[in-house]
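Only one structure is covered here, and it is reproduced in the block below.
All chains are named by letter (A, B, ...) in the order of the sequence lines, taking the proteins before the strands, and each is independently numbered beginning at 1. Just so it is clear, the structure is predicted and the values come from calculations on it, not from any experiment.
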Protein chains: 2
Amino acid sequence: MSNHAAGDGTVGKAIAVLDQIAVCERPVRFSEILKESLYPKATLYRLVQTLTNQGMLNYDEENGTYALGFRLVKLAHSAWRQSSLAPIARSFLDLLATETDETLHLAQMNDGQVLYIDKRNAASPVEMFSSAGKTGPGHCTGVGKAILAYMAPKDQAKALTRQSFFQYTKNTIITENALKSELVEISKTGLAFDHEEHEAGIICIAAPILNSRGRAIGAISLTSTTNRNSIQSLKAHTETLKNTAMKIAKAAESWQFPN
Amino acid sequence: MSNHAAGDGTVGKAIAVLDQIAVCERPVRFSEILKESLYPKATLYRLVQTLTNQGMLNYDEENGTYALGFRLVKLAHSAWRQSSLAPIARSFLDLLATETDETLHLAQMNDGQVLYIDKRNAASPVEMFSSAGKTGPGHCTGVGKAILAYMAPKDQAKALTRQSFFQYTKNTIITENALKSELVEISKTGLAFDHEEHEAGIICIAAPILNSRGRAIGAISLTSTTNRNSIQSLKAHTETLKNTAMKIAKAAESWQFPN
DNA sequence: AATTCTGTTCCATTATGTGGAACATTTTGT
DNA sequence: ACAAAATGTTCCACATAATGGAACAGAATT
């Protein structure tokens, strides 16, 4: 008799509450949560209480507001180390950063969305969660398209259904068919581009990180602005980028079971 | 009749499972979780299943292992932006980094533990285990002591009970009384030190970030190695560090309700 | 002092989660 | 090849734990 999306059980509901609070930019009051919530007041109240004394939410007594708690940050750190490519890719990215002196991204795909896992900034160094954990669309980012191009057909199809095909800029690809044929192109060359498709003035080249069966487990990209570079000039880095992707892939392969 | 620590309800149990998986460095099998778990097989099984199809856990079909899922990373990103000092402190840290050219940390305290929120790396990167989401002890880190020194007495007492007083190095303070008197010293000067108390060869100076009532809401530290610096030489940065802390405090104060 | 808005508690009802045990599947040993 | 052990999955009678309508309490507005 239940329906709401795909929410299983009580923990499903609790997590949904977290999600709801996550989309708010700033700490929220109970009533604000309630307003948007599917659940009745008393139920929501209990959920929020439970989450709070679990440290998943943080209650600010001053203002009576709730925000996502630090326990999440702590857990995420473990997640990041345990199931992302970041720890493996780290040294290779450092090297690539010094070689190219451009902004780099490491990303993986999660449910059709691009999830940025690590970043190297051209000018200022290391800024962790500012980018790690950030998500982006698949259909109009270099990393997104690179990964999509190297997914198993079944997974690709599923991921494509998750794309919004929102038109961020005038270059954004907004139809599934157009995207599909671009993906075919990408899978021939092993290189994806972002021609200001997500943000005006921002371009990038991206290469997939492949497992032994030739499926993408992530991607890296090299980003610049149209002021400083063109796609053509970025192409100078093609081999370095691809090489780094390959090295990460190899490292990931042999990283299984270090025990 | 229930007891286990302070686990409320089903979601409490679910979160406990996450925690348990977090402490494992690498992906784990179901049976490994079961071995350590308080819960009976069938119960645990259902919890893990629920968490998995919520994206809080990630199941690797290849090896039949579970790891913390990307949804956590995504949530943590929101948490970081929403309830940490990092977004506010960012620009000030950037400035401080260029001014001092040393390694910087921004940390907050969570349940007696130091939680690192952001970091700036010196040009010659000290390879240390610390980045956002990483936790550390309170009793033997600069940021930890800086924050403890400026907590409300009640909170401080509670936080002190959470300290392990583990002796990391020969300089580590290992008794509550010794720590307490150091905290008094710190609260007079507004500056805390780490004399290789957590890791041999690593020293730092730290300053608390205070709210309007003079309580710590976080701390920043400037770290170096005994090869390159001494506590004395680090003291040259005292004013710059304190100033930055004050600026962050002020920014935090006026950041409430940007609506 | 009356009205609204927000947050908290109560409690009978029932849906949800529980966990022992049986079953299925894979791995290990001889 | 066969037994034995370890691991993973499903079942179901049972009871705990979540539900939500409604009443209550506190602040904030008017």
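Every side-chain hydrogen bond (donor to acceptor under 3.5 Å, both in side chains) that A/E25 has, sequence neighbours left out, goes to B/R81. Applying the side-chain hydrogen bond (donor to acceptor under 3.5 Å, both in side chains) rule to A/Q82 yields no partners; only residues at least two apart in sequence or on another chain are considered. For the salt bridge (charged side-chain N to carboxylate O under 4.0 Å, His left out) test, no residue two or more places apart in sequence or in another chain qualifies with B/E61. Residues that satisfy the salt bridge (charged side-chain N to carboxylate O under 4.0 Å, His left out) test with A/E36, not counting sequence neighbours, are absent from this structure. Applying the ring-ring contact (aromatic ring centres under 6.0 Å, His included) rule to A/F92 yields no partners; only residues at least two apart in sequence or on another chain are considered. Not counting sequence neighbours, the partners of A/Y66 by the ring-ring contact (aromatic ring centres under 6.0 Å, His included) test are A/Y59.
Using the six-membered ring where Trp is involved, B/H77 and B/W80 have ring planes that are parallel, under 30° apart on the 30 and 60° scheme.
Distance, B/N63 CG to C/dT27 C1': 15 Å, rounded to whole Å. Across the protein-nucleic acid pair, B/L38 atom CG and C/dG19 atom P stand 11 Å apart, rounded to whole Å. Atom-to-atom, OH of B/Y66 to P of D/dT9 comes out at 6 Å; the value is rounded to the nearest Å. We find that CZ of B/R29 is positioned 5 Å from P of D/dG8, with the value rounded to whole Å. As rounded to whole Å, 13 Å separates atom P of C/dT6 from atom CD1 of A/I33. Whole-Å rounding puts the A/L34 CG to C/dT8 C1' distance at 13 Å. If you measure from atom CD of B/E32 to atom C1' of D/dG8, you get 14 Å, rounded to the nearest angstrom. Here C/dT16 presents its P atom at 11 Å from OH of A/Y39, a figure rounded to the nearest Å.
Evaluation of the salt bridge (Lys or Arg N to Asp or Glu O under 4.0 Å) test over residues 141-150 of chain B, restricted to residues two or more places apart or in two chains, returns B/K145-B/E182, B/K145-B/E197. Applying the salt bridge (Lys or Arg N to Asp or Glu O under 4.0 Å) rule to pairs touching residues 14-24 of chain A yields A/D19-B/R71, sequence neighbours excluded. Residue pairs meeting the side chain to side chain donor-acceptor pair (under 3.5 Å) criterion with at least one partner in residues 150-165 of chain A, sequence neighbours excluded, are A/D111-A/R162.
Between A/S31 and C/dG7 there is a side-chain N or O to OP1 or OP2 distance below 4.0 Å. Between A/K13 and D/dT19 there is a side-chain polar atom (N or O) within less than 4.0 angstrom of OP1 or OP2.
Residues A/T10 and A/Y59 each lie close to DNA chain C; by heavy-atom proximity, the contact nearer the 5' end of the strand is made by A/Y59.
Each end of the helix from C/dT3-D/dA28 to C/dT30-D/dA1 yields a helix axis from five base pairs, and these two axes differ in direction by 40° (to the nearest 10 degrees).
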Review point. Nucleotide by nucleotide, 5' to 3', does protein get under 4.0 Å of the base (B), only the sugar-phosphate (S), or neither (-) in nucleotides 25-30 of chain D, counting heavy atoms?
Key: ------
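Only B/P40, B/A42, B/T43, B/R46, listed by number, bring a heavy atom of residues 40-51 of chain B to less than 4.0 angstrom from any atom of DNA chain C.
With contacts defined as side-chain heavy-atom distances shorter than 4.5 Å, the pair B/D94/B/R120 qualifies.
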